[in-house]
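Notes for the one structure printed next.
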Amino acid sequence: MDLIRRFLLLAALLAALPALAQEKFIVVASTTSTEQSGLFGYLLPIFQKKTGIHVRVVALGTGQALDLARRGDADVVFVHARSAEDKFLAEGHGVRRFDVMYNDFVLVGPRADPAKVSGGGDILDALKKIKAAGAPFVSRGDKSGTHIAELDLWKLAGIDIAAEKGPWYRDTGQGMGPALNTAAAMNAYILADRGTWISFKNRGELAIVVEGDKRLFNQYGVMLVNPAKHSSVKKDLGQAFVDWIISSEGQKTIAEYKIGGEQLFFPNAK
Amino acid sequence: MSEALSAALALLIGLDSKLVEIVLLSLRVSLSAVAIAALVGLPLGAAIAVGRFPGRQTVIVLLNALMGLPPVVVGLLVYLLLSRAGPLGALGILFTPSAMVVAQAILILPIIAALSRQAIEDAWREYEEQLCSLGAGRVNAALTLLWDTRFSLLTTILAGFGRAAAEVGAVMIVGGNIDGVTRVMTTTIALETSKGDLPLALGLGMILIAIVIAVNAAAYLTKELAQRRYG
Amino acid sequence: MSKASILPLRLAEVSFAAGGRTIIDRVSLEIETGLSTIILGANGAGKSVLMRLMHGLLEPSSGRIDWNAPERPGVPRKQAMVFQRPVMLRRSAYGNVAYALKIAGIPEPRRAALVREALESVGLSHLARRSARVLSGGEQQRLALARAWALHPEVLFLDEPTASLDPSATREIESVIKAFDAAGTKVVMATHNLGQARRLGDEILFLDQGRVVERSPVEDFFSKPQSAQAAAFIKGQLPWI
């Protein structure tokens with residue numbers, strides 16, 4: 001009985017299968033918001049059909065995505081935290097940054113609205129009220145674009161959140177989706193990007209409580225990772241992606257992506 | 001729960017080509033990892049079981065402890081190894097199924113080595129005098145024991161497979177959960193959970209469990225039949 | 001096979017201690033070719049340990065054990081041992097015998113005939129394809145003897161080979177042992193069955209508390225034991241022959 005031998009043979013055969021047919025591809029380090037909102041699922045097949053280039057998206061927080069590129073593990077970064085992106089460029093890891101699109105952040109909270117912030121159009125005022133009421137607030141806490149934006153907003157509201165946070169402030173260290181799951185379970189307030197929120201299904205008692213404040217503006221940028229610094233970067237393929245996404249065709253495609261008739265991202269490449 | 005069940009059923013009935021692709025990739029990655037870990041781990045376990053060398057006890061304790069290796073740690077280590085900036089970056093296999101195979105193989109190597117060491121050492125206690133009497137050297141003895149404990153070792157390999165198929169931490173980091181390239185069952189479940197589509201995530205989870213059960217049942221039956229015949 | 005006999009086997013002042021207890025105590029003796037030697041003694045007298053020392057499964061704590069032709073690694077052994085509980089490999093009866101031949105370095109083409117002859121000699125030919133582990137205790141012990149037979153050893157050690165068997169299986173084993181003797185193999189067997197000692201032995205080596213107390217031809221041993229310990233042992237064992 002060569003049971004084990006047969007088993008090993010089968011496994012070896014599976015392992016020996018060519019690791020996917022050779023194909024033209026690039027790795028794009030991006031954010032969970034672009035991936036989980038379904039934008040890439042819509043965008044990339046169109047790009048691939050046109051250019052034959054497969055785009056492999058690794059979706060992480062903005063901070064992690066940039067770190068990945070810093071090690072040379074991505075060809076393109078597509079993220080949304082201007083200050084972190086500028087630092088990345090200044091370090092010489094990126095070639096040039098282009099605006100691609102924007103959407104906005106929304107403050108999501110329980111319908112019961114214990115901090116009485118619903119309907120107000122001022123995000124800073126809302127944050128102050130949440131802190132004053134000690135209402136539960138879930139933070140991404142993962143150096144993502146949304147997290148960085150949230151920290152900037154606390155600062156603008158005159159609150160030193162690192163020093164003043166109490167038990168009501170829950171630092172989860174999770175991606176947007178898991179953080180929303182946590183907020184839904186706790187009936188907490190949370191800052192979310194609109195794209196992820198629209199496509200998020202497990203909302204429970206949560207709803208948008210503050211939106212439309214221009215300080216909630218969320219800009220996405222794209223950069224080719226610097227081939228001079230990281231020799232493995234696929235310069236031409238990566239550049240083709242950057243060029244396409246800021247081209248009128250790419251921009252039009254972004255504008256076309258909708259969930260339930262609602263546009264998620266607004267192209268604004270110059 | 002019923003929502004999850006109907007999601008699972010819908011997935012199965014629809015036999016969505018995307019789902020099939022994900023399931024096949026899961027199997028391919030985990031079975032490859034098991035094959036590599038078994039090729040290294042079984043001889044290693046046999047060598048430690050039969051061998052007498054200084055530090056043997058320490059090796060056994062270490063091996064047993066490493067069975068609890070957190071997948072995330074393995075993922076991180078393999079990521080640092082395979083990253084372009086890492087020592088094996090030139091291979092360019094980060095974010096490919098190969099990287100996932102490497103990570104899972106490392107994750108389950110201690111399991112297969114430690115459990116096979118135990119099984120073979122138990123058999124060695126029974127066989128030692130007879131094999132020495134026949135004049136079998138240690139290498140021969142180890143090979144004989146590997147063959148004679150094959151039914152126990154199958155269980156060991158299954159334990160490794162179960163762990164590999166179920167883990168998400170390592171493959172998420174080194175595979176990147178890239179749609180159509182490195183997305184496997186567990187990372188899909190994690191992704192759907194992230195999106196808040198809990199019924200779909202749970203439905204996928206049920207399919208994963210069903211596959212693991214099917215593999216185990218098949219192996220168990222084979223083992224039972226063979227054992228009845230071979231004693 | 002080389003002509004130089006591995007016998008005689010010489011033990012000089014051999015002691016063996018384990019766990020702070022002396023099990024074999026300064027034994028000196030010589031095992032010559034020819035006569036069947038039965039090692040007798042009460043439980044715990046050291047019979048099994050003495051045979052394992054001779055067979056090389058244990059290293060003496062002190063003293064020397066020398067074969068006339070020393071064993072060398074890589075050269076097939078000219079001695080075999082059958083244990084009280086046979087260890088069957090998880091393969092067929094045929095496979096178990098073939099395995100021993102393989103370890104002894106017999107090339108594959110020659111094995112089949114030797115295996116068939118060995119199985120024939122113990123009357124197990126009809127079970128050749130059966131898995132060894134599902135055989136009865138008596139059949140397993142005969143298979144262990146066949147495994148030894150195939151090797152054509154010069155010396156065969158047997159450690160209470162029938163202690164866990166019923167009388168009919170015991171008779172079958174004894175007839176195989178006689179066949180070994182008739183074929184010229186030197187038999188060294190430990191037993192505490194006096195009837196078996198009489199039936200199979202030419203000389204008795206009597207052990208008491210790790211020491212060789214007496215060594216004499218079988219008839220002499222039973223009719224006029226020279227030591228008080230042997231006399232007491234014979235008397236104590238008689239009712240259970």
Side-chain angles (χ1 to χ4, degrees), chain B residues 38 42-43 45-47 49-54 56 115-158 219-231, chain C residues 48-49 51-59 71-93 95-106 127 129-136 139-141 143-144 147-148 150-151 153 155-159:
Chain B
L42 295 180
V50 174
R52 292 288 171 270
F53 52 91
R56 181 173 176 271
L115 294 181
S116 62
R117 196 275 307 167
Q118 186 65 57
I120 292 169
E121 198 170 314
D122 290 345
W124 178 230
R125 234 165 263 146
E126 185 192 343
Y127 284 30
E128 183 173 9
E129 288 200 318
Q130 181 67 64
L131 294 186
C132 289
S133 169
L134 291 173
R138 300 234 163 220
V139 175
N140 256 328
L143 292 174
T144 305
L145 290 164
L146 275 172
W147 180 242
D148 263 57
T149 51
R150 56 197 182 272
F151 304 127
S152 316
L153 296 185
L154 184 63
T155 311
T156 297
I157 288 173
L158 282 178
Y220 181 80
L221 280 178
T222 320
K223 178 184 155 172
E224 279 300 297
L225 286 175
Q227 206 153 20
R228 208 164 298 160
R229 207 171 132 210
Y230 290 89
Chain C
S48 291
V49 172
M51 289 222 300
R52 281 168 170 76
L53 286 164
M54 291 175 176
H55 190 46
L57 296 179
L58 294 174
E59 287 289 318
E71 293 196 308
R72 275 170 298 144
V75 176
R77 308 194 78 185
K78 289 180 180 171
Q79 47 173 320
M81 184 157 175
V82 169
F83 301 88
Q84 180 176 340
R85 292 180 175 281
V87 178
M88 293 292 122
L89 302 183
R90 193 166 267 124
R91 50 195 87 193
S92 66
N96 266 272
V97 180
Y99 175 83
L101 291 170
K102 183 175 162 219
I103 294 294
I106 309 288
L127 296 176
R129 291 287 148 207
R130 189 77 60 85
S131 172
R133 293 206 160 215
V134 301
L135 299 177
S136 73
E139 287 164 345
Q140 288 195 353
Q141 195 61 290
L143 183 55
R147 196 158 54 187
L151 299 169
V155 182
L156 174 65
F157 294 101
L158 299 134
D159 185 12

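Note on naming: letters A, B, ... go to the chains in the order of the sequence lines (proteins, then strands), and numbering restarts at 1 for each one.
- When all heavy atoms of Leu134(B) and Ala100(C) are compared, the closest pair comes out as CD2-CB, 3.8 Å.
- In this structure, the portion of Leu57(C) lying under 4.5 Å from any heavy atom of chain B is its side chain and not its backbone.
- Across Ala148(C) and Pro153(C), no two heavy atoms sit closer than the pair O-CD, 3.2 Å.
- Closest heavy-atom contact between Ala104(C) and Leu151(C): CB-CD2, 3.6 Å.
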Suppose we count any N or O donor within 3.5 Å of an acceptor, strictly below that value; which pairs fall between chain B and chain C?
{"residue": "Glu126(B)", "atom": "OE2", "partner": "Arg133(C)", "partner atom": "NH2", "Å": "3.4"}
{"residue": "Tyr127(B)", "atom": "OH", "partner": "Arg133(C)", "partner atom": "NH2", "Å": "2.5"}
{"residue": "Glu129(B)", "atom": "OE1", "partner": "Arg52(C)", "partner atom": "NE", "Å": "3.1"}
{"residue": "Glu129(B)", "atom": "OE1", "partner": "Arg52(C)", "partner atom": "NH2", "Å": "2.7"}
{"residue": "Glu129(B)", "atom": "OE2", "partner": "Arg52(C)", "partner atom": "NE", "Å": "2.4"}
{"residue": "Gln130(B)", "atom": "OE1", "partner": "Arg147(C)", "partner atom": "NH2", "Å": "3.0"}
{"residue": "Cys132(B)", "atom": "O", "partner": "Arg77(C)", "partner atom": "NH1", "Å": "3.4"}
{"residue": "Ser133(B)", "atom": "O", "partner": "Arg77(C)", "partner atom": "NH1", "Å": "3.2"}
{"residue": "Ser133(B)", "atom": "OG", "partner": "His55(C)", "partner atom": "NE2", "Å": "2.7"}
{"residue": "Thr144(B)", "atom": "OG1", "partner": "Tyr99(C)", "partner atom": "OH", "Å": "2.5"}
{"residue": "Asp148(B)", "atom": "O", "partner": "Arg90(C)", "partner atom": "NH1", "Å": "2.5"}
{"residue": "Asp148(B)", "atom": "OD1", "partner": "Arg91(C)", "partner atom": "NH2", "Å": "3.0"}
{"residue": "Asp148(B)", "atom": "OD2", "partner": "Arg90(C)", "partner atom": "N", "Å": "2.3"}
{"residue": "Arg150(B)", "atom": "NH1", "partner": "Arg90(C)", "partner atom": "O", "Å": "3.3"}
{"residue": "Arg150(B)", "atom": "NH2", "partner": "Arg90(C)", "partner atom": "O", "Å": "3.1"}
{"residue": "Tyr230(B)", "atom": "O", "partner": "Ser131(C)", "partner atom": "OG", "Å": "2.6"}
{"residue": "Gly231(B)", "atom": "O", "partner": "Arg90(C)", "partner atom": "NE", "Å": "2.7"}

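- When heavy atoms are compared at a cutoff of 4.5 Å, Leu145(B) does not approach chain C at all.
- The distance from atom CG of Leu154(B) to atom OH of Tyr220(B), rounded to the nearest 0.5 Å, is 12.0 Å.
- Thr156(B) contributes atom OG1, which lies 8.0 Å from atom CD1 of Ile120(B) (distance to the nearest 0.5 angstrom).
- To the nearest 0.5 Å, atoms CG (Leu143(C)) and CE (Met88(C)) are separated by 4.5 Å.
- When each of Val87(C), Val134(C), Leu58(C) is checked for heavy-atom pairs under 4.5 Å with chain B, Val87(C) comes out on top.
- The nearest pair of heavy atoms linking Ala46(B) to Leu146(B) is CB-CG, 3.8 Å.
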